[in-house]
S.K.: 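If you scroll down you'll find the structure; I have some questions about it.
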Number of protein chains: 2
Amino acid sequence: MMGSIGAEMQDEILRKADVMAEACPSRQILNHVTSRWGMLVLLALLGGTQRFSALKRRIGGVSERMLAQTLQLLEADGLVHRHAHDVVPPHVDYTLTAPGRELAEKVVGLTGWIEANLPRLTPAAA
Amino acid sequence: MMGSIGAEMQDEILRKADVMAEACPSRQILNHVTSRWGMLVLLALLGGTQRFSALKRRIGGVSERMLAQTLQLLEADGLVHRHAHDVVPPHVDYTLTAPGRELAEKVVGLTGWIEANLPRLTPAAA
DNA sequence: GGAAGAACGCACGTTTTTGTAAGTATAATG
DNA sequence: CATTATACTTACAAAAACGTGCGTTCTTCC
């Protein structure tokens, strides 16, 4: 199979994970998480399992296309879990995985700080 | 002065700062901070005052144009301070402001977690 | 004395991202 | 029986982001 690299090298990469390095896989995860809707999805899901349409309503401004795409990326990264009930008017639930929840907490740290300190920064918004 | 709104309304907005709301100014700050290079710049500056070229070398993959643009946005948001010495081969220093440092710490929380937990997520990278 | 380095601004073209509109199957609602 | 709601997908197109190369203005280092 192509694309596979030695376990040792893999270990090296993971041990030295550095977002400053362009080729480090952590960069991609970071980009997914900090994508325009990534953080908001994570944040919304901290409120518990929710279905697609609920997320859409909760996150102001997302289009269905973007929400679906974002959810797929986060799912591929192992941050959110998707459970589709096999019923005919579709019913799909999204939940944070264990790692997803941990990450989401960090996200709250960031967004929370911003919300709380907006007054100190708004000169730009004025 | 145009563009000014009542102090009460301003207060309301700031008190209710909510990234989930599309029109909330916190959304813009969030977007600047989580922009492709925003977090990396903040991270790099946690290492102390640095000049443009040093930042460029440190952040893998940034182009001069993007670095300049990102720095300007963060400066406008009051997160980084720019000090240009008036000498002829240009010399400019960038430093985090007090709020900038606080925010940067939150950023470290996020990126640090990602770097440390990459092994738990990499299935996507494999 | 030619080359490199400093910190960008600018024009240009490409790449990526994002939004819009439309379509799908079917069950429940009025 | 027409509508509405669900969770998307796909095609198309506009918008935003991005990178590259060039120019600037001097000084320092081969």
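In the text below, chain A, chain B and the rest are named by the order of the sequence lines, each starting its count at 1.
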S.K.: Identify the two heavy atoms, one from T97(B) and one from G78(B), that lie closest to each other, and give their separation to 0.1 Å.
M.R.: OG1-O, 2.7 Å
S.K.: Report the distance from atom NZ of K106(A) to atom OG1 of T111(A), rounding to the nearest 0.5 Å.
M.R.: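 The NZ atom of K106(A) sits 13.0 Å away from the OG1 atom of T111(A).
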S.K.: Rounded to whole angstrom units, what separation is found between the CD atom of Q69(B) and the P atom of dC8(C)?
M.R.: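 In whole Å, dC8(C) P lies 13 Å from Q69(B) CD.
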S.K.: Which pairs with one or both residues in residues 61-83 of chain A pass ring-ring contact (aromatic ring centres under 6.0 Å, His included), sequence neighbours excluded?
M.R.: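 Matches after skipping sequence neighbours: H83(A)-H85(A).
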S.K.: What is the distance from CG of L67(B) to C1' of dG9(C), rounded to the nearest Å?
M.R.: 14 Å
S.K.: For residues 39-52 of chain B, which side-chain donor-acceptor pairs fall under 3.5 Å, sequence neighbours excluded?
M.R.:
unit_1	atom_1	unit_2	atom_2	d
T49(B)	OG1	T95(B)	OG1	3.0
Q50(B)	NE2	A44(B)	O	2.8
Q50(B)	NE2	G48(B)	O	2.9
R51(B)	NH1	H91(B)	ND1	3.3
R51(B)	NH2	P90(B)	O	3.3

S.K.: Write down the distance between CG (D93(B)) and C1' (dC8(C)), rounded to a whole number of angstrom.
M.R.: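 So the two atoms are 15 Å apart, to the nearest Å.
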S.K.: Which nucleotide span of DNA chain D, 5' end to 3' end, has atoms closer than 4.0 Å to non-hydrogen atoms of chain B?
M.R.: dC18(D) to dT27(D)
S.K.: Is the closest basic N to carboxylate O distance between K56(A) and E64(A) below 4.0 Å?
M.R.: yes
S.K.: Any carboxylate oxygen within less than 4.0 angstrom of a Lys/Arg side-chain nitrogen, looking at R120(A) and E102(B)?
M.R.: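 Looking at R120(A) and E102(B), the cut-off is met.
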S.K.: Measure the distance from CG on L73(A) to P on dT16(C) and round it to the nearest whole Å.
M.R.: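 To the nearest whole Å, that distance equals 14 Å.
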S.K.: What's the shortest heavy-atom distance between V92(B) and R82(B), and which atoms?
M.R.: CG1-CG, 3.7 Å
S.K.: Using 0.5 Å steps for rounding, measure from the CG atom of L74(A) to the CD1 atom of I29(A).
M.R.: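 The CG atom of L74(A) sits 9.5 Å away from the CD1 atom of I29(A).
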S.K.: Quick one: closest heavy-atom pair of A17(B) and C24(B), and the distance?
M.R.: CA-SG, 3.8 Å
S.K.: If the cut-off is 4.0 Å, is R57(B) near the phosphate of dA6(C), judged by side-chain N/O to OP1 or OP2?
M.R.: yes
S.K.: What's the CD-C1' distance between Q50(B) and dA6(C), to the nearest Å?
M.R.: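 My rounded result for the distance is 16 Å.
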S.K.: Can you tell me the distance, in whole Å, between the CG atom of N31(A) and the P atom of dT15(C)?
M.R.: 19 Å
S.K.: Could you check which residues of residues 32-45 of chain B get a heavy atom under 4.0 Å from DNA chain D? Sort them by number, please.
M.R.: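 Within residues 32-45 of chain B, the residues near DNA chain D are R36(B), W37(B).
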S.K.: Produce a footprint string for nucleotides 20-30 of chain C: one letter per nucleotide, 5' end first; B if the base is under 4.0 Å from any protein heavy atom, S if only the sugar-phosphate is, - if neither.
M.R.: B-----SS---
S.K.: Just jot down the side-chain hydrogen bond (donor to acceptor under 3.5 Å, both in side chains) partners of E75(B), sequence neighbours excluded, or say none.
M.R.: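 E75(B): no side-chain hydrogen bond (donor to acceptor under 3.5 Å, both in side chains) contacts found.
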S.K.: Which whole-number value in Å describes the distance from K56(B) NZ to dA7(C) P?
M.R.: 11 Å
S.K.: Check for a donor-acceptor pair, side chain of D77(A) on one end and backbone N or O of L79(A) on the other, with a separation under 3.5 Å.
M.R.: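 Looks like no, no N/O pair under 3.5 Å.
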S.K.: With DNA chain C as reference, determine whether Q72(B) or R51(B) sits nearer its 5' end, using the nearest nucleotide of each.
M.R.: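 By nearest-heavy-atom nucleotide position, the 5'-most residue is R51(B).
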